[in-house]
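One is the number of the first residue; the rest follow in order along the sequence.
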Amino acid sequence: MQSAEVAVDKQEPNHSSDEPASDGIPAPEGAANLIDTDYVVGQDNFTTNKMGINLDLHGKVFSISAVIVLLFVVLTLALQDTIAPVYDAIFDFLTGNLSWFFIAVANVFVILCIGLIFSPLGKIRLGGTNAKPDYTYMGWFSMLFAAGMGIGLMFFAVNEPLTHFGTSFDGDGWAPLGGAEGDTAAATSLAMAATIYHWGLHPWAIYAIVALSLALFSFNKGLPLSIRSVFYPILGERVWGWPGHVIDILAVFASLFGLATSLGLGASQAAAGLSYLFGAPESDITMILLIVGITMLAIASLAAGVDKGMQLLSKINIVMAAALLFFVIAVGPTLFILTGFFENLWSYAAHFPALSNPFGREDADFSQGWTTFYWAWWISWSPYVGMFIARVSRGRTVREFLISVLIIPSMVSVLWMTTFGGTAIDQYINQGISAVRDAGVDLQLFLMLEQLPLSQITCFVAILLVVFFFVTSSDSGSLVIDSITAGGKMDAPTSQRVFWAIIEGAIAIALLLGGGLTALQTMAVSTGFPFALILLVACYAIIKGLMSEPKAV
């Protein structure tokens with residue numbers, strides 16, 4: 001890797017954060033170790049402006065990705081009756097044979113993130129030594145959280161803690177770590193520890209690894225904001241050829257199917273909420289109409305841009321989510337929730353070594369059916385979530401970035417799961433309400449809220465949250481996938497982003513009709529595995545890249 005340390009004057013043309021370079025990537029401010037390459041962002045792109053349609057895309061990456069994805073959608077819709085068993089078989093094979101791999105890989109990401117926080121490399125600033133953040137903390141945190149796992153928290157907040165409690169208390173084979181049969185307190189503790197394990201450090205470490213690598217090699221090294229750029233220290237100039245094309249195509253597939261999983265879950269829960277609240281038919285037609293309608297909202301947000309669209313919706317999400325959260329804390333089992341927050345953190349720490357152990361597990365149903373799916377899902381999400389986080393994190397030091405991305409969202413996830421899951425468990429244990437536990441996963445949140453005051457209002461707010469999280473996920477996903485298929489450009493035409501928003505909705509519809517929840521989970525796991533291998537190599541590239549950077553004063 002050839003590189004040259006440069007000091008860029010912020011006042012020179014195209015060098016400040018508010019005057020981006022022609023490819024949309026701001027030049028470094030202050031000292032940064034730029035990579036010396038003859039490659040120009042977008043040099044392999046196909047550009048045209050005919051019939052009012054403006055295109056600027058990487059011919060090979062875009063065409064191969066689009067053709068394969070469209071073929072997948074058509075075949076899944078055409079072969080609905082025969083495709084479902086195939087999805088079941090693939091899911092069982094991957095989770096049954098690769099559980100140890102996914103658990104071990106996720107552990108590597110956590111260790112690397114924590115190591116960088118405490119190392120001198122944490123002083124390096126993304127975007128150059130003099131770079132300033134593009135967004136306030138409020139705007140930044142809002143976008144981090146909304147893009148990261150908003151739909152998942154809504155879908156599993158009641159289901160997962162309550163399910164783990166039930167299997168642990170009953171001594172069921174699906175119980176984490178063998179369960180705690182007949183012991184209410186121990187079953188509650190184990191249930192919350194297992195839930196936090198799935199929504200705490202590990203998923204955010206996966207996102208952080210991708211985001212940090214992209215931000216470093218784009219904002220400090222001057223390379224395109226694309227997954228292939230991370231591999232320049234390993235592949236050199238070959239990264240602009242077919243090895244790089246394959247990496248970016250895999251990133252597109254992983255992003256699309258990971259995102260489609262989330263959108264499918266969101267549509268299912270929104271349909272259940274509308275059925276519960278307004279009596280709307282809970283059918284495939286309802287979910288399809290929801291996906292189409294919400295995709296149209298996402299397109300409108302894309303047209304408005306990141307600042308006016310995505311950031312505004314993210315802030316609205318955070319305000320509504322915070323209002324719902326604190327309402328449940330106030331009117332629910334307040335003391336149980338507040339004391340449970342700290343007790344659950346302690347339980348998470350106590351059970352962390354056993355839960356993160358990849359070998360010799362006796363709770364195979366739990367580790368394969370829950371943890372493996374989650375880790376594969378997070379990994380398949382990571383290209384799009386990581387790239388979006390990278391885009392909005394310029395100007396932060398590595399330490400500030402990792403603490404913010406790793407710790408703060410994890411704490412919010414703990415509070416969220418403790419509040420909603422803890423309330424459901426309390427209703428079951430102390431109030432004898434079994435309806436929530438017996439309900440379908442997409443309806444449990446609404447039945448839990450039904451036991452609290454103002455349930456009609458809170459259920460409606462919950463539906464709005466699912467819809468808005470759906471919009472922000474589709475919005476940010478389209479933005480990122482378009483950047484990959486546009487050769488790393490950050491300012492590609494809006495029409496291309498609209499195309500990918502439509503494709504995301506189409507995949508979600510195809511998977512729901514072709515196999516339901518299992519189909520969604522299968523594609524997340526299938527695309528997560530090859531991308532996990534890519535991320536392992538990226539860990540080496542991150543360390544190598546950071547070691548060549550000047551540290552912020």
*Is a donor on one side and an acceptor on the other found under 3.5 Å between the side chain of Ser410 and the backbone of Gly200?*
yes
*Pairs flagged by side chain to side chain donor-acceptor pair (under 3.5 Å) wherever residues 103-113 is involved - sequence neighbours left out*: Asn107-His202
Please set out all donor-acceptor pairs under 3.5 angstrom arising from side-chain atoms of residues 446-454, sequence neighbours excluded.
unit_1, atom_1, unit_2, atom_2, d
Glu450, OE2, Tyr276, OH, 2.7
Gln451, NE2, Leu447, O, 3.1

*Within 45° of the ring axis of Trp140 and under 6.0 Å from its six-membered ring centre, is that where the NZ or CZ of Arg396 lies?*
yes
*List for me each residue that meets ring pair (Phe, Tyr, Trp, His ring centres under 6.0 Å) alongside Tyr348, sequence neighbours excluded, and say none if there are none.*
Phe352
*Would you say Phe231 and Ile227 make side-chain contact, with heavy atoms under 4.5 Å?*
yes
*More than 12 heavy atoms of other residues, nucleotides or ligands under 6.0 Å from CZ of Phe359: is that the case?*
yes
*Distance (rounded to the nearest 0.5 Å) between Leu256 CG and Leu259 CG*: 7.0 Å
*Would you please name every residue forming a side-chain hydrogen bond (donor to acceptor under 3.5 Å, both in side chains) with Asn430, sequence neighbours left out?*
Asp426
*Who passes ring pair (Phe, Tyr, Trp, His ring centres under 6.0 Å) against Phe420, sequence neighbours left out?*
Trp416
*Trp174 side chain to Gly171 main-chain N or O, any donor-acceptor pair under 3.5 Å?*
no
*Please test Glu504 against Ser474 for side-chain hydrogen bond (donor to acceptor under 3.5 Å, both in side chains), starting from the C-alpha separation and ending with a verdict.*
CA-CA 7 Å; Glu504 290 155 13; Ser474 178; 3.1 Å; yes
*Considering residues at least two apart in sequence or located in another chain, which fulfil the side-chain hydrogen bond (donor to acceptor under 3.5 Å, both in side chains) criterion with Thr371?*
His198
*With sequence neighbours excluded, tell me which residues meet side-chain hydrogen bond (donor to acceptor under 3.5 Å, both in side chains) with Trp377.*
Ser262
_Using a 6.0 Å cut-off, check whether atom CD of Glu362 has over 12 heavy atoms from anything other than its own residue._
no
*With no hydrogens and no angle check, is any side-chain donor or acceptor of Arg228 less than 3.5 Å from a backbone partner on Asp248?*
no
_Side chain proximity check, Leu112 to Ile543, heavy atoms < 4.5 angstrom_ = yes
_A side-chain contact here means heavy atoms from C-beta on lying under 4.5 Å apart; do Thr372 and Leu98 qualify?_
no
*State the OG1-CG distance between Thr195 and Asn344, to the nearest 0.5 angstrom.*
8.5 Å
*Drop me the distance from Ser229's OG to Leu216's CG, to the nearest 0.5 angstrom.*
10.5 Å
*Taking ring pair (Phe, Tyr, Trp, His ring centres under 6.0 Å) as the test, write out the residues that go with Phe529, two or more places apart.*
Phe101
*Output all residues satisfying ring pair (Phe, Tyr, Trp, His ring centres under 6.0 Å) with Tyr137, sequence neighbours left out; order by chain, then residue number.*
Phe141
*Roughly how far, to the nearest 0.5 Å, is the CD1 atom of Ile206 from the CH2 atom of Trp375?*
6.5 Å
*Are any of the side-chain heavy atoms of Ile209 and Ser382 separated by less than 4.5 Å?*
no
_Distance (rounded to the nearest 0.5 Å) between Tyr197 OH and Phe366 CZ_ = 7.5 Å
*Just jot down the side-chain hydrogen bond (donor to acceptor under 3.5 Å, both in side chains) partners of Thr95, sequence neighbours excluded, or say none.*
none
*Gap separating the OG atom of Ser213 from the CD1 atom of Ile534, nearest 0.5 angstrom*: 11.5 Å
_Enumerate the salt bridge (Lys or Arg N to Asp or Glu O under 4.0 Å) contacts for residues 433-447, please, sequence neighbours excluded, ordered by first and then second residue._
Asp170-Arg437
*Stepwise ring-ring contact (aromatic ring centres under 6.0 Å, His included) test for Tyr374 and Phe156*: CA-CA 11 Å; Tyr374 272 132; Phe156 289 106; 5.6 Å; yes
_Given Thr472, Val471, Val467, the one that forms side-chain contact (heavy atoms from CB on, under 4.5 Å) with Phe469_ = Thr472
*Would you check if Phe102 and Ile379 make a side-chain contact, meaning some heavy-atom pair closer than 4.5 Å?*
yes
*asked:* Given 3.5 Å as the limit, does a donor-acceptor pair link the side chain of Asn357 with the main chain of Pro353, or not?
replied: no
*Are the side chain of Arg391 and the backbone N or O of Ala215 linked by a donor-acceptor pair below 3.5 Å?*
no
*Can you tell if the side chain of Met387 reaches within under 4.5 Å of the side chain of Val210, non-hydrogen atoms only?*
no
*Where is the tightest heavy-atom contact between Thr527 and Phe257, given as atom of each residue plus distance?*
CG2-CD1, 3.6 Å
_Donor-acceptor contact below 3.5 Å, side chain Gln444 vs main chain Val158_ = no
Cut-off 3.5 Å, no hydrogens considered: what does the side-chain donor-acceptor table look like for residues 186-194, sequence neighbours left out?
unit_1, atom_1, unit_2, atom_2, d
Thr188, OG1, Thr184, O, 2.9
Ser189, OG, Ser347, OG, 2.6

*Go through the steps for Leu116 and Leu212 under the test side chain to side chain contact (heavy atoms under 4.5 Å, CB included), then give the verdict.*
CA-CA 11 Å; Leu116 289 175; Leu212 177 60; 3.8 Å; yes
_Backbone N/O of Glu400 and side chain of Thr397: donor-acceptor pair under 3.5 Å_ = yes
_Modelled atom types, side-chain donor and acceptor of Trp199 and Glu160, under 3.5 Å_ = yes
_Ring center gap for Trp370 and His164 short of 6.0 angstrom_ = yes
